[in-house]
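Okay, structure first, notes after.
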Amino acid sequence: MKRLTILVTLIVAVVGALVVACVVFAPAWIIGHDLGVGGRWALSAGDRLKAVNDVRSTLMQGLAAVVALGGIALGAVMTLRQIRVHREGQFIDRFTKAIEQVSSDHVGTRMGGVYALEQIAEVAPHYRGHIAALLASFVRQQAPWPPSRPMQEVDAERQRYHGGLRDDIGGAMAALGRRAMIPSGVGIELEKVDLRGADLAGLDLSRFCFADSNLDDVILAGCDLSETTFAGASLRNADLTGAVLTGADFADADLEGVAGIGVTPAESARAGGHDTIRTDGQTEARP
């Protein structure tokens, strides 16, 4: 508001100075410049006055046109600013409503909030970092490892949902895996989460951190797991077939029964493999 006041004051001052120049100084200077000193005084007083008035009228008309165009431009700028403010207000309302949905006691409502946040991230880039952090926090709170509820209750709940995850948690993982809200090269912190039996096939989980999580029986086939951290995690009987594991960290992870990384050096050499993974600080090749 203060900047707008200063701008308006500056515009008024400039227009005032131009009016004074057009009325007082410019007409006589223009006539003298065009006719020369001798030609100017060769005119009668009536002709000089008429010439000055004609020039003054022309200058004022031109100035009026410039001011009108400036007013139109200023109006357009103000309109665009109002549109941006209105649009930002809509984003804030949608973001607030989505957060309320994610905080609901009903699974379906929470899932709707997750997808609403993903849609906001697609059209409002300045919200993406906040939405990514919010969804990661949502997964950590809703699926902690070890569970905050009795294990029997958690296991019974897992049996009711496809893919071993509640719909809201699965929706959050899918949204994060589509990376609409994650800038390139940025990771997601999902330490100590319970994703047992989750079907995450084909998602881009590169640079995610699953340290100390329980990923038993998880399906990560075809995932991009480049530079993903599984340090201290349990991946018993997990399926990593076809996953990209370049730079993945499996230090101290439980890999019993894992499919997709148990490749011998000879098999890797025959396949011309170049991906590497880290296990207990050692680097191993895989196709």
Side-chain angles (χ1 to χ4, degrees), residues 83-145 161-196 198-215 218-231 233 240 243-249:
I83 291 174
R84 285 198 297 267
V85 170
H86 178 68
R87 188 180 183 187
E88 185 65 23
Q90 289 181 325
F91 285 142
I92 292 174
D93 290 341
R94 291 174 61 186
F95 186 66
T96 302
K97 184 176 180 180
I99 292 176
E100 292 175 353
Q101 290 178 311
V102 169
S103 303
S104 171
D105 293 331
H106 302 284
V107 173
T109 303
R110 291 197 298 268
M111 184 171 63
V114 167
Y115 290 131
L117 288 172
E118 184 178 19
Q119 290 177 347
I120 294 172
E122 291 176 351
V123 298
H126 54 295
Y127 278 90
R128 290 176 181 173
H130 303 297
I131 291 173
L134 182 63
L135 291 181
S137 176
F138 175 79
V139 173
R140 291 195 300 268
Q141 292 178 4
Q142 295 295 326
W145 181 260
Y161 292 97
H162 173 72
L165 290 178
R166 267 196 346 242
D167 292 340
D168 53 343
I169 301 171
M173 287 300 303
L176 290 170
R178 286 188 287 267
R179 304 185 78 90
M181 71 290 294
I182 305 176
S184 178
V186 175
I188 293 294
E189 303 296 326
L190 291 177
E191 303 96 336
K192 298 182 178 180
V193 294
D194 182 7
L195 299 179
R196 288 173 294 160
D199 186 354
L200 306 177
L203 297 180
D204 184 353
L205 305 178
S206 57
R207 294 180 179 270
F208 277 45
C209 179
F210 295 105
D212 299 315
S213 296
N214 192 330
L215 304 175
V218 70
I219 300 175
L220 296 171
C223 287
D224 185 350
L225 302 176
S226 303
E227 299 186 44
T228 299
T229 299
F230 296 98
L240 278 69
V244 178
L245 300 174
T246 305
D249 184 1

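With sequence neighbours excluded, the residues forming a salt bridge (Lys or Arg N to Asp or Glu O under 4.0 Å) with R179 are D204, listed by chain and number. Listed by chain and number, the residues in a salt bridge (Lys or Arg N to Asp or Glu O under 4.0 Å) with D168 are R110, R166 (sequence neighbours excluded). Considering only residues two or more places apart in sequence or on other chains, V123 meets the side chain to side chain contact (heavy atoms under 4.5 Å, CB included) condition with F91, R94. The side chain to side chain contact (heavy atoms under 4.5 Å, CB included) test applied to T109 returns Q101, S104, H106, not counting sequence neighbours.
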Next item on the list: Step by step, work out the side-chain contact (heavy atoms from CB on, under 4.5 Å) result for F95 and I131.
Entry: CA-CA 9 Å; F95 186 66; I131 291 173; 3.7 Å; yes

Next item on the list: Might you work through the side-chain contact (heavy atoms from CB on, under 4.5 Å) test for F208 and I182, ending with a clear yes or no?
Entry: CA-CA 11 Å; F208 277 45; I182 305 176; 4.1 Å; yes

Next item on the list: Would you please test E191 and D212 for side-chain contact (heavy atoms from CB on, under 4.5 Å) and show each step?
Entry: CA-CA 6 Å; E191 303 96 336; D212 299 315; 5.7 Å; no

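I169 and A143 make their closest contact through CD1-CB, 3.8 Å (heavy atoms, listed as atom of the first residue, atom of the second, distance). The two residues A132 and L176 have their closest heavy-atom pair at O-CD2, 4.0 Å. When every heavy atom of P144 is checked against every heavy atom of D194, the shortest pair comes out as O-CB, 3.5 Å. Counting all heavy atoms, side chain and backbone alike, A116 lies closest to A98 at CB-CB, 4.0 Å.
Rounding to the nearest 0.5 Å places CZ of F230 at 5.5 Å from CG of L220. To the nearest 0.5 Å, atoms CD (E122) and CZ (R128) are separated by 8.0 Å. Rounding to the nearest 0.5 angstrom, the gap separating the CD1 atom in I120 from the NZ atom in K97 is 10.5 Å. Distance check: F210 CZ to L225 CG gives 7.5 Å after rounding to the nearest 0.5 Å. From L203, atom CG reaches atom CD1 of I219 across 11.5 Å, with rounding to the nearest 0.5 Å. To the nearest 0.5 angstrom, C209 atom SG is 8.5 Å from D249 atom CG.
Although no hydrogens or angles enter the test, the distance criterion places no donor-acceptor pair under 3.5 Å between the side chain of S206 and the main chain of S226. Side-chain N or O atoms of S213 include one that pairs as donor or acceptor with a backbone N or O of L190 at under 3.5 Å.
Annotation: side chain of D167 is in contact with side chain of Y161 (closest heavy-atom distance under 4.5 Å).
Note on residues 169-178: pairs passing salt bridge (charged side-chain N to carboxylate O under 4.0 Å, His left out), not counting sequence neighbours, are E118-R178.
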Extract all donor-acceptor atom pairs below 3.5 Å that involve side chains of residues 134-141 and protein atoms in other chains or at least two apart in sequence.
unit_1 : atom_1 : unit_2 : atom_2 : d
S137   : OG     : Q141   : NE2    : 3.3
R140   : NH1    : E189   : O      : 2.5

